[in-house]
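Worksheet for the structure shown next.
All heavy atoms count here, side chains included; hydrogens, waters and symmetry mates do not.
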Amino acid sequence: MTYKLIALDMDDTLLTSQKTISDTNKEMIQKALSKGIKVVLCSGRTHNAVVDYAKELGIDGADQYMITNGGAIIENLAGKIIYQRMMSNDFYRQFVHFIKENDLHYNVVDNQGNTYTSQSDWFDKYTIMQAYENDNGLFVREPDDLPANFEITKAIINGDEKKLDAITPMVNDKFAKDYFVVRTGVGFLEIFPKDVNKGNAIKILAKDLNLDLSEVMAMGDRDNDIPMLKIVGKGIAMGNGMPQVKAAADFVTADNNHSGVGLAIEKFAL
């Protein structure tokens, strides 16, 4: 099968544990690009936390794309937004009320990659990490401090793995009927619009590019990657991926610290 688009999760997939891209991954991605294959970084991260990696790989220009905010935004590398799906101010206020009722820590992100949270005695380290990756600062605001039409791309509950394990059933009970609730990484339990996920974003982009989903290959390691692994022609799980991700995939490659992405591209796309 000839693949024309490769969608790559970033954290614990493309990136090593040190948040770098291995030489092998770079080499194979650049070979794929030279053959005219589109390589699309597909991440829960915001624009600022993805774009420098894309450019490091040579993914640039109006005919190259990236998917950010877990599938809420599709844009080209010239900065044009192809698709955007936001959550309302009503949801934002409901979410913050839930957070305060249950003494949790959180942040929300707007479509400019700005990170917001409310006043607290202390900020969870994962909230700080989110703001650092977004590279637009951390704004301490109550919902009433923001415009009445303020909307967000996603809402994130932060905490260590044990804490998130304990509260995930409660969060699902509250939000999963109307929203997509998913663990996206260590310290992050995220809420998106019901129809926002990486799989749906790839469907939209593939249709825009007149590609069949059978011509798409995708790689990932966590629950939020499963929707895209299931719908593409070749879904590949990382060796370090979660068991349910491996079960949903067509193939399991090496782990993120041993160039699993590059090895899979070499095996199936070059």
Exercise. May I ask you to say whether R183 pairs ionically with E161, meaning some side-chain N is under 4.0 Å from a carboxylate O?
Key: yes
Quiz item: Any ion pair linking K198 and D225 (charged N to carboxylate O, less than 4.0 Å)?
Solution: yes
Practice problem: Would you kindly confirm whether L33 and Y53 end up in one hydrophobic cluster when ILVMFWY residues are joined by side chain heavy atoms under 4.5 Å apart? | Solution: yes
Quiz prompt | Flag side-chain contact, heavy atom, 4.5 Å: V140 against F123 | solution = yes
Quiz item: Can you tell me if K194 uses its side chain to pair, donor with acceptor, with the backbone of A176 under 3.5 Å?
Solution: yes
Exercise. Report the distance from atom CD1 of I265 to atom CD of E27, rounding to the nearest 0.5 Å.
Key: 11.0 Å
Quiz prompt | Closest non-hydrogen atom pair, S118 against P143 | solution = OG-CD, 4.5 Å
Self-check item: K31 bridged to E266 by N-O distance under 4.0 Å
Solution: no
Quiz item: With hydrophobic residues grouped by side-chain heavy-atom distances under 4.5 Å, do I202 and V39 end up in a single group?
Solution: no
Quiz item: Charged N to carboxylate O under 4.0 angstrom, R45 versus E133?
Solution: yes
Quiz prompt | Exam field: side chain K154 to backbone G44, donor-acceptor pair closer than 3.5 Å | solution = yes
Quiz item: Of the options N240, I236, D221, L229, which is the one that meets V245 in a side-chain contact (heavy atoms from CB on, under 4.5 Å)?
Solution: L229
Self-check item: Exercise: identify the closest heavy-atom pair between A249 and G235
Solution: CB-O, 3.4 Å
Quiz item: Can a donor-acceptor pair be found between the side chains of T115 and Q130 at a distance below 3.5 Å?
Solution: no
Quiz prompt | Test item: side-chain donor near acceptor, N107 and N158, under 3.5 Å | solution = yes
Quiz item: Minimum heavy-atom separation for D124 to G159, with atom names?
Solution: OD2-CA, 3.6 Å
Quiz prompt | Spacing of K203 atom NZ and L211 atom CG [to the nearest 0.5 Å] | solution = 15.0 Å
Practice problem: Give a yes or no on whether I226 and V232 share a hydrophobic cluster (residues Ile, Leu, Val, Met, Phe, Trp, Tyr; joining criterion: side-chain heavy atoms under 4.5 Å apart). | Solution: yes
Exercise. Answer with yes or no after comparing the ring centroid distance for F180 and F175 against a 6.0 Å cut-off, counting only values under it.
Key: no
Exercise. Say whether T46 and N48, considering side chains only, have a donor N or O and an acceptor N or O under 3.5 Å apart.
Key: no
Exercise. Take Y179 and F192, measure what ring pair (Phe, Tyr, Trp, His ring centres under 6.0 Å) needs, and give me the verdict at the end.
Key: CA-CA 6 Å; Y179 298 91; F192 299 91; over 10 Å; no
Self-check item: Contact check, side chains of T117 and F139, non-hydrogen atoms, under 4.5 Å
Solution: no
Quiz item: With a 4.0 Å cut-off, would you call K19 and D11 a salt bridge?
Solution: yes
Practice problem: Show the numbers, then the answer: is there a salt bridge (charged side-chain N to carboxylate O under 4.0 Å, His left out) between E142 and K100? | Solution: CA-CA 11 Å; E142 296 293 343; K100 292 185 175 183; 2.5 Å; yes
Quiz item: Side chains of N76 and Q64: is there a donor and an acceptor less than 3.5 Å apart?
Solution: no
Quiz item: Is the side chain of D212 donor-acceptor paired with the backbone N or O of E215 at a distance under 3.5 Å, no angle test?
Solution: no
Quiz item: When clusters are formed by joining ILVMFWY residues with side-chain heavy atoms under 4.5 Å apart, either directly or through shared neighbours, do Y132 and V186 land in the same one?
Solution: no
Quiz prompt | Residue pair M66 / T68, side-chain heavy-atom distance below 4.5 Å | solution = yes
Quiz item: Looking only at side chains, do S22 and S259 share a donor and an acceptor under 3.5 Å apart?
Solution: yes
Quiz item: Would a line drawn from the ring center of F150 to the ring center of Y116 be shorter than 6.0 Å?
Solution: yes
Practice problem: Before accepting this row, confirm whether a basic side-chain N of the pair E101/K174 lies closer than 4.0 Å to the acidic partner's carboxylate O. | Solution: no
Quiz item: Roughly how far apart are L41 CG and T13 OG1, rounded to 0.5 Å?
Solution: 11.0 Å
Quiz prompt | D12 side, atom CG; S17 side, atom OG - distance, nearest 0.5 Å | solution = 6.0 Å
Quiz item: In terms of heavy-atom contacts, does CG of D103 have more than 12 from other residues, nucleotides or ligands at under 6.0 Å?
Solution: no
Quiz item: Would N111 and Q84 count as having a side-chain donor-acceptor pair, cut-off 3.5 Å?
Solution: yes
Quiz item: Does the distance from a Lys or Arg side-chain N to an Asp or Glu carboxylate O, for D195 and R85, drop under 4.0 Å?
Solution: yes
Practice problem: Measure the shortest side-chain to side-chain distance between H258 and D255 over non-hydrogen atoms and say whether it is less than 4.5 angstrom. | Solution: yes
Quiz item: Does any N or O in the side chain of K38 come within less than 3.5 Å of the main-chain N or O of D63, such that one atom is a donor and the other an acceptor?
Solution: yes
Exercise. Give the minimum heavy-atom separation between E151 and S88, together with the two atoms involved.
Key: CG-CA, 4.3 Å
Practice problem: Using modelled atom types only, decide if a donor and an acceptor are shared between the side chain of N25 and the backbone of G262 within a distance under 3.5 Å. | Solution: yes
Quiz item: More than 12 heavy atoms of other residues, nucleotides or ligands under 6.0 Å from NZ of K246: is that the case?
Solution: yes
Quiz prompt | Pair T16, N256: side-chain N/O donor-acceptor within cut-off below 3.5 Å | solution = no
Exercise. State, yes or no, whether a side-chain contact exists between T153 and M87 at a heavy-atom distance under 4.5 Å.
Key: no
Quiz item: Which is it for F91 and I191 under the side-chain contact (heavy atoms from CB on, under 4.5 Å) test, yes or no, and what are the steps along the way?
Solution: CA-CA 11 Å; F91 165 78; I191 304 173; 3.8 Å; yes
Practice problem: Would you check, one step at a time, whether the test side-chain hydrogen bond (donor to acceptor under 3.5 Å, both in side chains) holds for D223 with Q244? | Solution: CA-CA 7 Å; D223 287 348; Q244 61 269 34; 2.7 Å; yes
Quiz item: Atom CD1 of I21 and atom CE of M10: how far apart are they, to the nearest 0.5 Å?
Solution: 6.5 Å
Practice problem: Decide salt bridge (charged side-chain N to carboxylate O under 4.0 Å, His left out) for R222 and D9; before the verdict, give the C-alpha distance in whole Å, the side-chain angles of both, and the deciding distance to 0.1 Å. | Solution: CA-CA 9 Å; R222 293 191 71 94; D9 171 55; over 6 Å; no
Quiz item: So with a 6.0 Å cut-off around CG of D173, is the heavy-atom count from everything else above 12?
Solution: yes
Quiz prompt | Short N-O contact, K125 and D160, less than 4.0 angstrom | solution = no
Quiz item: Between L15 and T20, is any pair of side-chain heavy atoms under 4.5 Å apart?
Solution: no
Quiz item: Taking the side chain as C-beta and beyond, is there a heavy-atom pair between N134 and V109 under 4.5 Å?
Solution: yes
Self-check item: Heavy-atom side-chain proximity of I99 to I157 below 4.5 angstrom
Solution: yes
Quiz item: When the ring centroid of Y3 is compared with that of F268, is the distance short of 6.0 Å?
Solution: no
Quiz item: Backbone N or O of A269 within a donor-acceptor pair of the K35 side chain at under 3.5 Å?
Solution: yes
Quiz item: From D208 CG over to Y83 OH, what is the distance, rounded to the nearest 0.5 angstrom?
Solution: 12.5 Å
Quiz item: More than 12 foreign heavy atoms under 6.0 Å from NZ of K4: is that the case here?
Solution: no
Quiz item: Going only through I, L, V, M, F, W and Y residues with side-chain contacts under 4.5 Å, is there a path from V216 to I82?
Solution: yes
Practice problem: Identify the two heavy atoms, one from G260 and one from M238, that lie closest to each other, and give their separation to 0.1 Å. | Solution: CA-CE, 3.9 Å
Quiz item: Is a donor on one side and an acceptor on the other found under 3.5 Å between the side chain of N69 and the backbone of G71?
Solution: no
